[in-house]
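Scroll down for the structure; my scribbles are underneath it.
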Amino acid sequence: MQDYNPKDIEKKWQDIWAQNGIYTTKDTTDKKNFYILDMFPYPSGEGLHVGHPRGYIATDVYSRFKRMHGFNVLHPMGWDAFGLPAENFAIKNKVHPREAVDRNVARFKEQLSLIGPDYDWSREIDTTDPNFYKWTQWMFLKMYEKGLAYQSHEPINWCPGCQTGLANEDLESDGTCERCGSVVEKKPMRQWVLKITDYADRLLVDLNTLPKWPEGVKEAQRNWIGKSEGSEIAFALNTGENVKVFTTRADTLFGATYIVFAPEHPLVQTLDIENRDEVNTYIAQVAEKTEIDRTAEGKEKTGVKLEGIVAINPANKEEIPVYIADYVLAHYGTGAVMAVPAHDERDFEFAKKYELPIKEVVSYYYEGAEDNAPKEDAETLHREVIDIIIENEKGEFLLIKETANNTEKIHFVGGGTEGENEIEALEKELREETGYTDFEIIEKIPNLVSAFAFRHTKLKNQKIHGYFFHIKLKSENRVASEVEEGRHSLLWAPKEKIKDLINWPHHAYAWEMFLKKDRVFTDFGILINSGEFNGLTSEEAKQKITEFVGGEMKSTYRLKDWVFSRQRYWGEPIPMVFDADGNVYPVDASELPILLPNVDSYEPTGTGESPLATIDDWVNVRGKITDQGTFVQDASGQMFRRETNTMPQWAGSSWYYLRYVDPKNNQYAIDSTKEKDWLPVDVYVGGDHATRHLIYARFWHKFLYDIDVVSGLEPFPRLEFLGFILAEDGRKMSKRWKNVINPDDMVNRFGADAFRLYEMFIGPFENTVPWNTDGVVGTRRFLEKVWKQKEKIKDEENQNLEMILHKTIKKISDDIEAFKFNTAVSHMMILVNEITKEEYIGKNQYASLLQILAPFAPHITEEIWYTVFGEKDSIHLSVWPEYDASKIIESTIKIVVQVNGKVRGTIEVPIGTSEDEIKKRAVSETKVEQYFTSEPEKVLYIPNRAVNFIIKN
RNA sequence: GCCGGGAUGAUGGAAUGGUAGACAUAAGGGACUUAAAAUCCCUGGGCGCAAGCCGUGCGGGUUCGAGUCCCGCUCCCGGCACCA
């Protein structure tokens, strides 16, 4: 027999498949359509490493699996080739980006082809192809038409390394450039912006229609959109202006003791401020700082009071001071906040530093539950109380233990003040309840505590509110007290134990506050010091107070509009022109595509202008404005200037998946019948683009839905997340670490099929795992075994193999459907190990094995399919073997025999054996009896699983 | 701080609440070989001569029975974060 030699067969079959076009997708067939898509790659100059094909192999396995199930499968591939990396590579290697992209694409395609994918290359797309980007430009025009694309001059992220403006999504979370790692600056400049914020709510809500997306990706998008529901409330200034603030805590309005503007707030420029110089100096200082410095952790708050300016708190009409401070962000909410130091950590910190009043307006509130829930028919006492945290010289704290309603209550000492002065009441409670008399007061804890509960000792509801004091005993001197009367007992406990001992929630809360450095209560509670709103819960008060002061309930989003211009060469030209007065006009759709011109120097200018600006005969163009307000070229017309900014890398990838369906259409981006036939994408596979590509594409798709280009609201109903592969040393694969392993070497050493199998076997698909080249040996050995089994073929089936074969068919089918490729491979290994032990294998059985292996190892299976079985049609077009349900029914079952839940043996019994019989055999066929220290008290039988003998100890 | 995900042998990882560690790699031993590679066989969580005991990050709980369910932690990865 010939040895298994992948080199002899892999290239051969790849060529034959291509010649016969077996993977070419027809537009219409009598089969059901199925669209499976990879996130298309950026053809960088580095080529592929072994991490990249993982997703491509997975979609390939899945696509072949679906084809064998009779689907008309669309599995395309293309190139996301505009953007900074391609351009930076070109600059570095001194070639034109076009040339660099062509070269890199060729290299990627060659590497990809080595692993034998079933892509339909006749539908290949490239975002830098004018026939493609014509439609990207067309969609931009549509957005402009709908008011979703606009020019802005706001400060934006500027990357000094890449010399271009960037979107928020292009930054790492530490504020550096995702591409080059430079610290990004804020720079005001003209730019095109897409109004993705108009879609914020739909992007958020529709995540709920995506049950087949990983939770983590959805959560990342929710965080990114960052919806927060609150109120917008206007504060009047003594200068006559009104300032709107955004708050999620309108319930705390009565506690707003100052307001704060972001230094960049436009109103600050125009107000008549007495200390104008000081204010301007501060604003200048803040402008110097990067975002990173400004938000550095643990940074002390700074700010400047606007002298001569006061605001009126609309709730209580009190005059309050106005500050600017850089802890308030210009680009969130309204750029101004009301400060409530009693209930906000940041305001508290600022208020302490600048000695601003702190006014408590929300109290912690506990309402009794279950046995101490307030009773409707009981009388309710309203009481003011004080409670005492008592410390002794050993640093222990005193609790009181009493029994009420058959449960033990443990809490601090305390009682009603009955209108007395607090200090007198404290002395009295201490003496009466504990007998101690000699103490000093350390502090009064400033947070009010409220509770409403049924007191079993008094048979009444009690609604209490009061403060906690911290006192220290100076001596153990005691007099007789309620302890001696037997009403309760005293319990001294060390600091660490207190939390676990206290079982009154409002006392537990007070203890927590006592331990905290800053006593800021930021939770919801009930209102105090808030006039007519006292007693309301925070939730109720939010809306009522907002209405009371004439504000409105409003949502704010963290998501920012999408900065869509880049001052770089290698991108789609933005199809707009300007007349001599600077008025902007959209280019007429008939002019598209606006071709990216050739240019001598495509390096960034750094001036905030794109290199396109230097090409006079492209920039300056004669034309006229049509009745529709669009620009068309006309040699006898006026001079216009073209927009020289280009689109970002993410433009083409926001809609590319539509184009595969109809790649050659000259009239439309996509034919609407074909769109309905194929979209949405059935399965989308790729790595972490949660807050970039995946949010942009969802936005773009919804826009296309709104203009009737697509028929559904979401492009990717099922997303399979791909984990990346680390180098063998556990680090990221990188030239820098010299730990890159490329697929070419793996295919060369082990063959494409063994490589493919290992990529699928390496671990759960979504897990990040380190590569291990030794591991490929395992899948190669497995294929060698499969190869050798063809020597053992007989016409008749081997009955010993029927059950495991059919079980494996079922298991593999289920696993591929669920993207559990690692367990699919392991079960094929188990099957082949079983076959190895047998004398022979039936011809049909072997054929079934080849078929379930075919999606993973397309070459070796095709080779055997033709040479051994003499088939005329490809195994990849054959029909997936269905498992026979009757063959996977066991005739016997294994029963675990346990004593007190511990496994002591197993028995095997025929299906249908009676419970009594099983219990008998459990004793007779195992050694369980030696564990019977007495007669079993109970014998428990769990059908088809276990017998458990319960022995009393 | 908030949110999401995770923690199982030397390693990647299996395991509808019912024999933990399938499958694979590395390692050790043996066969074949002049030798090596390849191949085949055996061992392969810890302790123990054995019977057995202990073991799925930690502490509790539910259950006849928990890697799996519940409560409370620790640590790791990821997202957001002076976002009002």
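In what follows, chains are A, B, ... by sequence order, proteins preceding strands, each numbered from 1.
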Inset, instruction - Scan A:Val217 against the nucleic acid and name what it touches under 4.0 Å (heavy atoms): base, sugar-phosphate only, or nothing. - result: nothing
Legend entry - Set of residues satisfying side chain to side chain donor-acceptor pair (under 3.5 Å) with respect to A:Glu915, sequence neighbours excluded: A:Lys919
Inset, instruction - Compare all side-chain heavy atoms of A:Tyr354 with those of A:Pro321 and state whether any distance is below 4.5 angstrom. - result: no
Inset, instruction - Take atom NZ of A:Lys289 as the centre, draw a 6.0 Å sphere, and report whether it contains more than 12 heavy atoms from other residues, nucleotides or ligands. - result: yes
Inset, instruction - Side chain of A:Val903 only, please: which of B:C23, B:A20, B:G18 is the nearest? - result: B:A20
Inset, instruction - Indicate, with a heavy-atom threshold strictly under 4.0 Å, whether A:Asp347 touches base, sugar-phosphate, or nothing. - result: nothing
Legend entry - Pairwise P distance, B:G57 and B:U68 [rounded to whole Å]: 8 Å
Legend entry - Side-chain heavy-atom pair A:Val50, A:Met733 within 4.5 angstrom cut-off: yes
Legend entry - Donor-acceptor side-chain pairing of A:Lys785 and A:Asn833 below 3.5 angstrom: yes
Inset, instruction - Please figure out whether A:Ala946 or A:Asn822 has its closest RNA chain B nucleotide nearer the 5' end. - result: A:Asn822
Inset, instruction - Go through the structure and list residues passing side-chain contact (heavy atoms from CB on, under 4.5 Å) with A:Val328, not counting sequence neighbours. - result: A:Val260, A:Ala262, A:Val337
Inset, instruction - Just compare B:C23, B:A84, B:A14 and give me whichever is closest to any side-chain atom of A:Thr247. - result: B:A84
Legend entry - Atom C1', compared across B:C73 and B:G6: separation rounded to whole Å: 16 Å
Legend entry - Of the listed nucleotides B:C82, B:C80, B:A84, the one nearest the side chain of A:Trp224: B:C80
Legend entry - From CA spacing to verdict: salt bridge (charged side-chain N to carboxylate O under 4.0 Å, His left out), A:Lys811, A:Asp815: CA-CA 6 Å; A:Lys811 175 74 179 159; A:Asp815 281 355; 3.5 Å; yes
Inset, instruction - Specify whether A:Tyr332 and A:Phe246 have parallel, tilted or perpendicular ring planes, treating 30° as the upper limit for parallel and 60° as the lower limit for perpendicular. - result: perpendicular
Inset, instruction - For B:C49 and B:G1, measure between their P atoms and round to the nearest Å. - result: 49 Å
Inset, instruction - Could you check which of B:U25, B:G5, B:A84 has an atom nearest any side-chain atom of A:Asp774? - result: B:U25
Legend entry - A:Trp787 and A:Tyr4 aromatic ring geometry - parallel, tilted or perpendicular at 30°/60° bounds: tilted
Inset, instruction - Indicate syn or anti for B:G21, taking the glycosidic torsion and treating anything within 90° of 0 as syn. - result: anti
Legend entry - Side-chain N,O (A:Asn772) to OP1/OP2 (B:A24) below 4.0 Å: no
Inset, instruction - Compare the minimum distances between each of B:G13, B:C80, B:A22 and the side chain of A:Ser826, then state the nucleotide with the smallest one. - result: B:A22
Inset, instruction - Kindly point out which of B:A14, B:G12, B:A24 is positioned nearest to the side chain of A:Thr823? - result: B:A14
Inset, instruction - For residues A:Leu719 and A:Val217, determine if any side-chain heavy atom of one lies less than 4.5 Å from a side-chain heavy atom of the other. - result: yes
Inset, instruction - Determine the interatomic distance between P on B:U33 and the same-named atom on B:C23; round to the nearest Å. - result: 30 Å
Listed pairs, N/O of protein and of nucleotides 40-43 of chain B, under 3.5 Å:
none

Legend entry - Touch class at under 4.0 angstrom, heavy-atom based, for A:Gly226 against every strand present: nothing
Legend entry - Atom P, compared across B:G67 and B:A7: separation rounded to whole Å: 14 Å
Inset, instruction - Round to the nearest Å and state the distance from A:Ile225 atom CD1 to B:A81 atom P. - result: 13 Å
Inset, instruction - Calculate the interatomic distance between A:Glu766 atom CD and B:G13 atom C1'; express it in whole Å. - result: 12 Å
Inset, instruction - Taking all heavy atoms of A:Arg780 and all of A:Phe750, pick out the closest pair and write down the distance. - result: NH1-O, 3.2 Å
Inset, instruction - Verify the distance criterion only: is there a donor paired with an acceptor across the side chains of A:Asn739 and A:Lys732 at less than 3.5 Å? - result: no
Inset, instruction - May I ask you to evaluate whether A:Tyr332 reaches the phosphate of B:A84, defined as a side-chain N or O under 4.0 Å from OP1 or OP2? - result: yes
Inset, instruction - Please check if the distance between the ring centroids of A:Phe350 and A:Tyr258 is under 6.0 Å. - result: yes
Inset, instruction - Check every strand shown and say whether A:Ile830 touches a base, only sugar-phosphate, or nothing at a heavy-atom separation below 4.0 Å. - result: sugar-phosphate
Inset, instruction - State which of B:G12, B:G5, B:C23 makes the closest approach to the side chain of A:Ile762. - result: B:G12
Inset, instruction - Please determine, for the side chain of A:Val337, which listed nucleotide (B:A84, B:A24, B:C82) has the closest atom? - result: B:A84
Inset, instruction - Return each pair, listed once, that meets salt bridge (Lys or Arg N to Asp or Glu O under 4.0 Å) where at least one residue sits in residues 215-228 of chain A; pairs must be two or more places apart or across chains. - result: A:Asp201-A:Lys227, A:Glu215-A:Lys218, A:Glu215-A:Arg222, A:Glu219-A:Arg222
Inset, instruction - Indicate yes or no: at least one non-hydrogen side-chain atom of A:Ile951 is less than 4.5 angstrom from one of A:Tyr931. - result: no
Legend entry - Nucleotide nearest A:Asn223 when distance is taken to its side chain, options B:C82, B:G79, B:A84: B:G79
Inset, instruction - Let me know the distance between NE2 of A:His331 and P of B:A84, rounded to the nearest Å. - result: 12 Å
Legend entry - Sugar-phosphate only, base, or nothing, as touched by A:Pro764 at under 4.0 Å among non-hydrogen atoms: sugar-phosphate
Inset, instruction - Just compare B:G79, B:A24, B:U19 and give me whichever is closest to any side-chain atom of A:Lys894. - result: B:U19
Legend entry - P gap between B:C2 and B:G52, integer Å: 50 Å
Inset, instruction - Could you check A:Lys499 against A:Leu171 and say which one's nearest nucleotide on RNA chain B is further toward the 5' end? - result: A:Lys499
Inset, instruction - Scan A:Ser228 against the nucleic acid and name what it touches under 4.0 Å (heavy atoms): base, sugar-phosphate only, or nothing. - result: sugar-phosphate
Inset, instruction - For B:A35 versus B:A20, give the span between their C1' atoms, rounded off to a whole number of Å. - result: 43 Å
Inset, instruction - Considering only atom C1', compute the distance from B:G28 to B:G9 and round it to an integer number of Å. - result: 15 Å
Inset, instruction - Return one dot-bracket line describing RNA chain B 5' to 3' (Watson-Crick or G-U wobble pairs, both distances under 3.5 Å; ( ) same strand, [ ] crossing, | another strand, . none). - result: (((((((..(((.....[....))).(((((.......))))).(((....)))..(((((..]....))))))))))))....
Inset, instruction - Let me have a per-nucleotide readout for nucleotides 52-67 of chain B, 5' to 3', with B, S or -, counting only protein heavy atoms under 4.0 Å. - result: SSS---------BS--
